[in-house]
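Here the structure comes first, spelled out in structure tokens, and everything after it is commentary.
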Amino acid sequence: MSDAAQPTIAEVRAAAEAVKAAIDRHLEAVSSPSAADDSAVSTAYEQLATAAIAYDQLLYEVYDEVTPFEVPGDEGPGGYHGPEQPEAISVLIRRDYHIVDPKRLRAQAERLDDSLTPEGAAGDGVNAAIGVLFGEFEPDEIAARSEEFGLEEGDSTLWVAAAEPSEPGEWLPEPFEHADPQLLICRFDVSEVYDDEELDD
């Protein structure tokens, strides 16, 4: 446990009130007749983002809980530090699966590849079956049909980050080495954690 002073419940409450006030200011700014060209909208947006981030951090430190929304571009110290108009973007996706039915997984793969003949134990040849399925289907289709393939979806995340234009094949040897959180434009997470929080509420 750190010796640093821990946030108090009163500080969390104050941060929540700051978010409410920022929401009111943002709504007032965007609903004004001159909102389309009004710098007040941008200012109100930044103030709301800052207040929401502060509240989220305090909420986590005091209650070990998080809010159900995220502020795009706040995935590292100081938030987004990439170009305002990136020339390219990288889309990084991670999806986790539990192999709940190895026999079904093999059976689906055997329909696609005759060289995969049934083998002894249920777990035999699972790696080969996975290679066949992911070689045949797009990741989105596997996600949509995961139960059919004997898989159970776990957590997933999708990052969209600013990137420099690259030559064909340039980054393939180490595709995820340069995932810089400070270049993150937005991200989308799917996890049972959020479902559990809604049930608790």
Any ion pair linking Glu28 and Arg25 (charged N to carboxylate O, less than 4.0 Å)? no

For Val126 versus Pro102, what's the shortest heavy-atom pair and its separation? CG2-CB, 4.0 Å

Ile142 vs Leu151 side-chain heavy atoms within contact, under 4.5 Å: yes

Separation of Ile99 CD1 from Ser146 OG (nearest 0.5 Å): 12.0 Å

Arg145 and Phe137: side-chain contact (heavy atoms from CB on, under 4.5 Å), yes or no, with the steps? CA-CA 10 Å; Arg145 301 171 59 185; Phe137 299 108; 3.4 Å; yes

Counting C-beta onward and ignoring hydrogens, is there a side-chain heavy-atom pair between Tyr60 and Glu65 closer than 4.5 Å? no

Residues, nucleotides or ligands: over 12 heavy atoms within 6.0 Å of Arg13 CZ: no

Return the OG to CZ distance between Ser156 and Phe188, rounded to the nearest 0.5 Å. 11.5 Å

Hey, any chance Leu133 and Val100 share a hydrophobic cluster, counting ILVMFWY side chains that come within less than 4.5 Å of each other, even indirectly? no

Can you confirm whether Thr157 sits close enough to Arg187 that some side-chain heavy atom of one is under 4.5 Å from a side-chain heavy atom of the other? yes

So if you build clusters from Ile, Leu, Val, Met, Phe, Trp, Tyr with side-chain heavy-atom gaps below 4.5 Å, do Phe176 and Leu184 land together? yes

Is Leu112 linked to Ile130 within one hydrophobic cluster, defined over Ile, Leu, Val, Met, Phe, Trp and Tyr using a side-chain heavy-atom separation of less than 4.5 Å? yes

Within the 4.5 Å heavy-atom criterion, are Val12 and Tyr63 side-chain neighbours or not? yes

Could you measure the distance from the CD atom of Glu152 to the CG atom of Asp96? Nearest 0.5 Å is fine. 12.0 Å

Donor-acceptor under 3.5 Å (Glu11 side chain, Thr8 main chain): yes

Decide whether Asp113 and Ser115 meet the rule of one side-chain donor and one side-chain acceptor closer than 3.5 Å. yes

Supply the atom-to-atom distance Lys103 NZ to Gln108 CD, rounded to the nearest 0.5 angstrom. 15.0 Å

Do you know which two heavy atoms are closest between Ala179 and Leu92, and how far apart they sit? CB-CD1, 3.6 Å

Rounded to the nearest 0.5 angstrom, the CD-CH2 distance for Glu164 and Trp171 is 15.0 Å

With ring centroids as reference points, do Phe149 and Tyr97 lie under 6.0 angstrom apart? no

Given side chains that start at C-beta, do those of Ser90 and Val160 come closer than 4.5 Å, heavy atoms only? no

Should we say atom CD1 of Ile9 is surrounded by more than 12 heavy atoms from elsewhere, each under 6.0 Å from it? no

Quick one: sort the His26 and Tyr45 rings into parallel, tilted or perpendicular, breaks at 30° and 60°. tilted

Nearest non-hydrogen partners of Ile185 and Pro86, listed with the distance: CD1-CG, 4.2 Å

With side chains defined as the heavy atoms from C-beta onward, is the minimum distance between Asp189 and Leu158 less than 4.5 Å? no

Just by modelled atom types, is the Ser191 backbone N or O under 3.5 Å from a matching donor or acceptor in the Asp155 side chain? no

d(Glu61 CD, Leu58 CG) to nearest 0.5 Å is 6.0 Å

With a 4.0 Å cut-off on N to O distance, would you call Asp140 and Arg95 a salt bridge? yes

Is a donor on one side and an acceptor on the other found under 3.5 Å between the side chain of Arg104 and the backbone of Glu147? yes

State, yes or no, whether a side-chain contact exists between Val66 and Leu59 at a heavy-atom distance under 4.5 Å. no

Glu170 side-chain N/O to Glu167 backbone N/O, donor-acceptor pair under 3.5 Å: yes

